[in-house]
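Right, one structure below, let's go through it.
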Amino acid sequence: MKPAKFKFLRPVTIEDAIEYLEEYGEDAKIISGGQSLIPVLNMRLSTPKYLIDVSRIKELNYIKKEGSFLAIGALTRHYEVEESELVQKYCPLLTEGMKNVGHPQIRSRGTIGGSIAHADPSAELPCMLSALRGEIVIIGPDGERTVPTDEFFLTYLLTSLEPNELVKEVRFPVINENFGSAFIEMTRRHGDFALVEVAAVVGLDEEGTFSFVQLAVGGAGPTPIILEDIEDFLIGKEPTEQVIEEAVEAIEDYLDPEGDLHSSAEYRVHLASVLTKRALLTAINRVPKGMMA
Ligand SMILES: Cc1cc2nc3c(=O)[nH]c(=O)nc-3n(C[C@H](O)[C@H](O)[C@H](O)COP(=O)(O)OP(=O)(O)OC[C@H]3O[C@@H](n4cnc5c(N)ncnc54)[C@H](O)[C@@H]3O)c2cc1C
């Protein structure tokens, strides 16, 4: 199918993009890499009168270390993050997870801001950002606001972005060099969206017990889910398989998956439990040796 007719607008500054959004609001849609939006338009699931192509706004393409964050401009493409030495050094979880976003062709066009704004609960970036407790910088006519993931992702493909706002930057907390991290997902074929995915970051103290645990699961509910109770349970405990087994016992209480043609809800819960254990064990193994008791 072909998209319904639209008027194509090409701002080159953030101000111009916001002016267009102010003028056309609900009738307009932003397009960045088009990797999610184009199929939606082609199937006529969305028929905006105006497409605002922000891909020429050069000031939105950057990866910078700012204090305890890696600040990534919304228009930075997936492959740029995947290949960034800065990202590999300060947030290896992100480097690992990016390799699972579609295929190289998708990653060469798709953008960080697009993936976050699209808010697919099975997408890798929202899950990693949630595990890391990252933030989204939003810009609109009244200036900027910064929101945590649990205030940004509302439900399937829905965020707290207003029609006159755009994602400006995504802020990924730097991972302590003494911590270990892991991203693991299960897909039907490589490059597919995850059935379920888990991102984990762990730190151990001198006794070898958990001093830091951050965990999120994607594909098991309408938004990425931070496994806060499991994190709290693990702190101060030994990183053994038995303890981890115990920690994930009640995982289904936190999840809200729906069954679809790819897998049943029960299978997603099972996967979440298995992958959380695997992600934790992998992250523990990646804690630098000097930091393990
Ligand atoms: C075959 C295929 C496989 C895929 N596999 C995966 C996968 O495994 N994992 C995964 O995560 N994704 C996957 N995707 C989806 C895709 O990679 C991302 O969702 C996509 O990269 C989003 O970025 P984009 O720049 O292409 O966004 P676009 O398609 O341009 O936009 C997506 C949505 O975000 C909005 N938007 C875009 N930029 C902004 C902004 N700066 N501010 C506010 N709103 C904005 C748009 O209005 C639209 O609603 C796949 C896509 C295809 C076609």
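Counting convention: from 1, in listed order, for ligands and their atoms alike. Sequence positions, counted from 1, serve as the residue numbers for this chain.
- Distances shorter than 4.0 angstrom do not occur between any heavy atom of Ser55 and any atom of ligand 1.
- Contact annotation for Leu37 and ligand 1: heavy atoms of both the backbone and the side chain come within less than 4.0 Å of the ligand.
- If you take OG1 on Thr276 and CG on Leu215, they are separated by 6.5 Å, rounding to the nearest 0.5 Å.
- Between Tyr50 and Tyr24, the ring planes are parallel. Angles under 30° get that label, and only those over 60° would be called perpendicular.
- Assignment of Arg77 to the shell around ligand 1 is not supported, since no heavy atom sits closer than 4.0 Å.
- Within 6.0 Å of CD on Glu241 lie no more than 12 heavy atoms contributed by other residues, nucleotides or ligands.
- Of the N or O atoms in His78, one or more lie within a sub-3.5 Å distance of an N or O in ligand 1.
- For ligand 1, the polar-atom distance check finds no N/O of Glu165 at less than 3.5 Å from any of the ligand's N/O atoms.
- Residue Gly34 places at least one N or O, backbone or side chain, under 3.5 Å from an N or O of ligand 1.
- Among protein heavy atoms, the minimum distance from atom 24 (P) of ligand 1 is reached at Gly33 N, 3.5 Å.
- Less than 4.0 angstrom separates some heavy atom of Ser32 from each of these atoms of ligand 1: 25 (O), 30 (O), 37 (C), 38 (N), 39 (C).
- Short contacts between ligand 1 and Ala123, defined as distances under 4.0 Å to a heavy atom of the residue, involve ligand atoms 11 (O).
- Distances below 4.0 Å separate heavy atoms of Ala117 from the following atoms of ligand 1: 34 (O), 35 (C), 36 (N), 43 (C), 44 (N), 45 (C).
- Between the side chains of Glu22 and Asn164, at least one donor N or O sits under 3.5 Å from an acceptor N or O.
- Atom 42 (N) of ligand 1 has its closest protein heavy atom at Val167 N, 2.8 Å.
- Heavy atoms of Leu161 come nearer than 4.0 angstrom to ligand 1 in at least one pair.
- Annotation: atom 15 (C) of ligand 1 to nearest protein heavy atom, Ser36 OG, 3.3 Å.
- Near Gly191, the atoms of ligand 1 lying under 4.0 angstrom from a non-hydrogen atom of the residue are 5 (N), 8 (O).
- If you check which protein heavy atom lies closest to atom 1 (C) of ligand 1, you get Ile106 CD1, 3.7 Å.
- With hydrogens and angles left out, the side-chain atoms of Arg77 and Thr111 include no donor and acceptor closer than 3.5 Å.
- At least one heavy atom of Asn100 sits less than 4.0 Å from an atom of ligand 1.
- Residues Glu59 and Ile14 form a side-chain contact, since some pair of their non-hydrogen atoms from C-beta on lies under 4.5 Å apart.
- Nearest non-hydrogen protein atom to atom 49 (O) of ligand 1 is Lys29 NZ, 3.3 Å.
- Checked against a 3.5 angstrom limit, the closest N/O atoms of Ile30 and ligand 1 fall inside it.
- For ligand 1, the atoms sitting less than 4.0 Å from at least one non-hydrogen atom of Glu124 are 7 (C), 8 (O), 9 (N), 10 (C), 11 (O), numbered in the order shown with element in parentheses.
- The closest protein non-hydrogen atom to atom 27 (O) of ligand 1 is Gly114 CA, 3.5 Å.
- Of all atoms in ligand 1, numbered sequentially from 1 with element shown, those under 4.0 Å from a heavy atom of Thr111 are 21 (O), 23 (O), 24 (P), 25 (O).
- Ligand-side atoms of ligand 1 in range of Asp192: 8 (O), range being under 4.0 angstrom from any heavy atom.
- Remark: the Asn285 side chain and the Thr282 side chain contain no N/O donor-acceptor pair separated by less than 3.5 Å.
- Nearest protein heavy-atom contact of atom 53 (C) of ligand 1 is Gln35 O, 3.4 Å.
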